[in-house]
Amino acid sequence: MGRQKSTALTLKAMLAESPWFQTLDLAERAQVLQDSYERHLLPGAHAMRCGEPADCWIGVIEGLVKMSVSQPDGRHATLTGVTHGGWAGEGSLLKPGPWRYDGVALRTTRLACVPRYLFEQLVATNLAFNHFLLAHLNARLSLFVGLVEYDRLLRADARVARCLASLFHPTLYPQATPFVQLSQEEIGLLSAMSRQRANEALHELERAGLLRVEFRGVTVLDLPGLRDYPGSEDARATTQPGALAAL
DNA sequence: CCATTAAACACCC
DNA sequence: GGGTGTTTAATGG
């Protein structure tokens, strides 16, 4: 126990720092603090498994959860990653039935779990909480709209850029700091590419001055630049096959 | 043909 | 020991 890592929060601190918690009145806060619980996951363990009962709303205190879908033939697609400070699962909780996605811990992970009945009670009675949920869902929507574009139109370097930038959405990840603690393998998993391709992409982004590749992670230097990498104007330097090759 | 990846390797934090 | 950086052969569009 007692392991004190840099940003390790307690369950209560994690709840207290979550934006939606601020929307609750005192009684609601007390109930959330009392009835929420913590789960510890080893790498590879499921935070949620498609088809199993969706019995709580899940926040990431520490670690990394990869959201994905899979098909019977074993192929699977990564949807997004949830890092510390992020909340996930509200989509499945908003209607009856089981989880509709898989959530897999990519490394040792601690989860904050808010029981389903509490989540439903807040949705039914607390307008401010609903406002938070709308903003949260809207943020998720724009993330996935961007994902379709990214999957269909962008090359690998740009996919990594977008994947990293998405971890800085203030609504989804209020606790984000410039240093992103993701190994290159994890970045590859989230960006749907191999580790060495992710490595190559990261160095391209570093060359572009958008981030610094570091030990077990990257530090983001230019978030807007990452968001619309490779940009439209001064991207001539990098190889840009396809689009304007005719000229 | 080209890009990407899995596998394997040697560094080094 | 795990995360990197790099090379190799294999794979698929």
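Each chain gets a letter, A, B and so on, in the order its sequence line appears, and its residues count up from 1.
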Under 3.5 Å, N/O pairs linking protein and nucleotides 7-13 of chain B:
| from | atom 1 | to | atom 2 | distance (Å) |
| --- | --- | --- | --- | --- |
| dA7(B) | N6 | Q196(A) | NE2 | 3.3 |
| dA8(B) | N6 | R195(A) | NH2 | 3.3 |

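- When the nucleotides dT4(B), dG3(C), dG5(C) are ranked by their closest atom to the side chain of R197(A), dT4(B) comes out on top.
- For dG2(C), the OP1/OP2 oxygens have no side-chain nitrogen or oxygen of R107(A) closer than 4.0 Å.
- Between T83(A) and Q175(A) the shortest side-chain heavy-atom distance does not fall below 4.5 Å.
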Verdict with supporting geometry, E62(A) and M14(A), side chain to side chain contact (heavy atoms under 4.5 Å, CB included): CA-CA 9 Å; E62(A) 181 183 20; M14(A) 155 69 174; over 6 Å; no
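- Residue-level contact check: G217(A) touches the backbone only, with heavy atoms under 4.0 Å from sugar-phosphate atoms and none from bases.
- Closest approach to the R216(A) side chain among dT4(B), dT4(C), dT5(B) is made by dT4(C) (side chain taken as heavy atoms from C-beta onward).
- Here the side chain of N199(A) is nearest to one of dT5(B), dA3(B), dT4(C), namely dT4(C).
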Watson-Crick and G-U pairing of DNA chain C, under 3.5 Å, as dot-bracket with | and [ ]: |||.|||||||||
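- Contact of the I61(A) side chain with the E38(A) side chain is registered, since non-hydrogen atoms from C-beta on lie closer than 4.5 Å.
- Using bins of under 30°, 30° to 60° and over 60° for the plane-to-plane angle, the ring pair H136(A)/W57(A) lands in the perpendicular bin.
- You'll find the side chain of Q22(A) stays beyond 4.5 Å of the side chain of L24(A), heavy atoms only.
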